[in-house]
Participant: 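Dropping a structure here in structure tokens format, bear with me for questions.
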Amino acid sequence: MMSATYSALGRLLTYPDADLQASAEELAAVIRADGRVPVRIQKALNRLVEDLKGGDIYSLQEQYVDLFDRSRSLSLNLYEHVHGESRDRGEAMAGLLELYRSEGLELATSELPDHLPVFLEFLSLLPADRAASLLGEAAHVLEAIGERLHRRGSSYRSVFGALAALAGAADAAAVAALLSEPDPDPDDLTALDEAWEDTPVTFGPDDVGCPKADALVAAMNTPSAQRPSAA
């Protein structure tokens, strides 16, 4: 059931369309059946489901773009929060693709390999312990995005609350460092331009680094010779 939960949460984070509106309640039911997502978060997910089911599709799409496509701080591309636009991100992406291929998977999407819904779909195909370990390495990114969505009053916050519950405790210093980065209003085009020109995100003092960020890169980029086959 856990594998289906990853897939369902990822689907709720995709660009809204008629299919998502029609399946939103079913996706929430899958997550409820898992039993690992706290009841209070399940209730919050119900709000997102109602928003998706009852909302005007064009308004839903506009809101989605404003949240996840126009703001660097809410990017659904995980490596955006680790490497920014540096060359290291391209190398990390290549390593992530290799990780996917080591499990016998090839991307069939135009999204980048570090796109969160893509990553969650990948996790849904792994043995539970392996999937949980990989998700846990991204816990600080998930918690920071969730907090920013909470500040905006967005019902998408519930998805990140569920993911944070499944990922386990995040490194507090890493979360604080992410939250200290600029988080401009999506309607402030000047501030958005400045944010996209910022240097890559770092975590803590330069001579210390962030173990969680390093672990995320290492775990997602280094295929293990002893990794179990995908489920």
Side-chain angles (χ1 to χ4, degrees), residues 3 5-15 64-65 67-126 130-149 156 159-160 162-164 166-168 170-171 174-175 177-179 181-183 195-203 209-224 227 230:
S3 61
T5 297
Y6 290 134
S7 183
L9 289 168
R11 182 72 179 98
L12 287 172
L13 286 177
T14 58
Y15 185 71
Y64 182 94
V65 169
L67 283 173
F68 300 120
D69 293 345
R70 295 182 66 183
S71 175
R72 186 178 195 171
S73 63
L74 292 175
S75 174
L76 294 180
N77 295 326
L78 293 173
Y79 284 145
E80 181 67 47
H81 303 277
V82 179
H83 297 297
E85 293 299 308
S86 71
R87 180 176 298 178
D88 289 343
R89 185 180 175 193
E91 296 176 357
M93 212 92 70
L96 184 54
L97 277 172
E98 182 59 30
L99 176 58
Y100 290 171
R101 288 167 181 157
S102 75
E103 299 291 347
L105 304 173
E106 290 289 342
L107 289 187
T109 175
S110 60
E111 298 290 357
L112 295 172
D114 64 336
H115 191 60
L116 183 54
V118 173
F119 182 59
L120 291 172
E121 189 64 26
F122 168 64
L123 295 187
S124 76
L125 302 174
L126 296 180
R130 176 65 175 153
S133 176
L134 285 171
L135 185 68
E137 299 301 345
H140 58 303
V141 175
L142 301 172
E143 188 168 322
I145 295 175
E147 174 58 27
R148 284 180 161 159
L149 289 169
Y156 279 106
V159 178
F160 287 86
L163 288 172
L166 296 174
D171 183 289
V175 175
L178 279 174
L179 291 175
E181 294 295 323
D183 185 22
W196 283 107
E197 292 173 359
D198 284 344
T199 54
V201 175
T202 57
F203 304 91
C210 172
K212 279 287 184 181
D214 294 341
L216 173 61
V217 174
M220 294 170 70
N221 289 349
T222 306
S224 171
R227 186 180 302 116

Participant: Are any side-chain N or O atoms of S75 and backbone N or O atoms of R72, one a donor and one an acceptor, separated by less than 3.5 Å?
Facilitator: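 No, because the side chain of S75 does not come within donor-acceptor range (under 3.5 Å) of the backbone of R72.
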
Participant: Looking at Y6 and L163, would you say the former's side chain and the latter's main chain have a donor-acceptor pair under 3.5 Å?
Facilitator: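 Absent.
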
Participant: With rounding to the nearest 0.5 Å, note down the distance linking OG in S73 to CD in E147.
Facilitator: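 CD of E147 is found 12.0 Å from OG of S73.
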
Participant: I need the minimum non-hydrogen distance between R148 and P182, along with the two atoms involved.
Facilitator: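 Closest heavy-atom pair between R148 and P182: NH2-O, 3.7 Å.
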
Participant: Would you compute the distance between atom CZ of F68 and atom CG of L149 and round it to the nearest 0.5 angstrom?
Facilitator: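 One finds 5.0 Å between CZ of F68 and CG of L149.
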
Participant: Where do I145 and L178 land on the side-chain contact (heavy atoms from CB on, under 4.5 Å) test, with the steps shown first?
Facilitator: CA-CA 9 Å; I145 295 175; L178 279 174; over 6 Å; no

Participant: With rounding to the nearest 0.5 Å, note down the distance linking CG in L105 to CG in L126.
Facilitator: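 It is 7.5 Å, given to the nearest 0.5 Å.
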
Participant: Could you state the interatomic distance from CD (E121) to OH (Y100), rounded to the nearest 0.5 Å?
Facilitator: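 Between atom CD of E121 and atom OH of Y100 there are 10.0 Å.
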
Participant: Can we call the ring centroids of F160 and Y156 under 6.0 Å apart?
Facilitator: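 Distance test on ring centres: not under 6.0 Å, no.
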
Participant: What's the spacing between L76 CG and L112 CG if we round to 0.5 Å?
Facilitator: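 Interatomic distance, L76 CG to L112 CG, rounded to 0.5 Å: 11.5 Å.
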
Participant: Where is the tightest heavy-atom contact between P113 and V118, given as atom of each residue plus distance?
Facilitator: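 Scanning both residues, the minimum pair turns out to be O-CG1, 4.0 Å.
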
Participant: What heavy-atom pair brings L99 and R130 nearest, and what distance separates the two atoms?
Facilitator: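 Residues L99 and R130, closest heavy atoms: CD1-NH2, 4.0 Å.
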
Participant: Apply side-chain contact (heavy atoms from CB on, under 4.5 Å) to the pair L125 and E103, showing each step before the final yes or no.
Facilitator: CA-CA 9 Å; L125 302 174; E103 299 291 347; over 6 Å; no

Participant: Quick one, L9 with L166, criterion side-chain contact (heavy atoms from CB on, under 4.5 Å). Give me CA distance, side-chain angles, the key distance, then yes/no.
Facilitator: CA-CA 11 Å; L9 289 168; L166 296 174; 3.9 Å; yes

Participant: For the pair L96 and F122, evaluate side-chain contact (heavy atoms from CB on, under 4.5 Å) and give the outcome as yes or no after the intermediate values.
Facilitator: CA-CA 11 Å; L96 184 54; F122 168 64; 5.5 Å; no

Participant: Does D171 reach the main-chain N or O of A174 with its side chain, forming a donor-acceptor pair under 3.5 Å?
Facilitator: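 Yes, D171 side chain to A174 backbone: donor-acceptor pair under 3.5 Å.
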
Participant: Hey, could you give me the CD/CG distance between E80 and D114, rounded to the nearest 0.5 Å?
Facilitator: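 Atom-to-atom, E80:CD and D114:CG are 8.5 Å apart.
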
Participant: Show the nearest heavy-atom pair for residues G10 and P117, with the distance to one decimal.
Facilitator: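 Shortest heavy-atom separation between G10 and P117 comes out as O-CB, 3.5 Å.
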
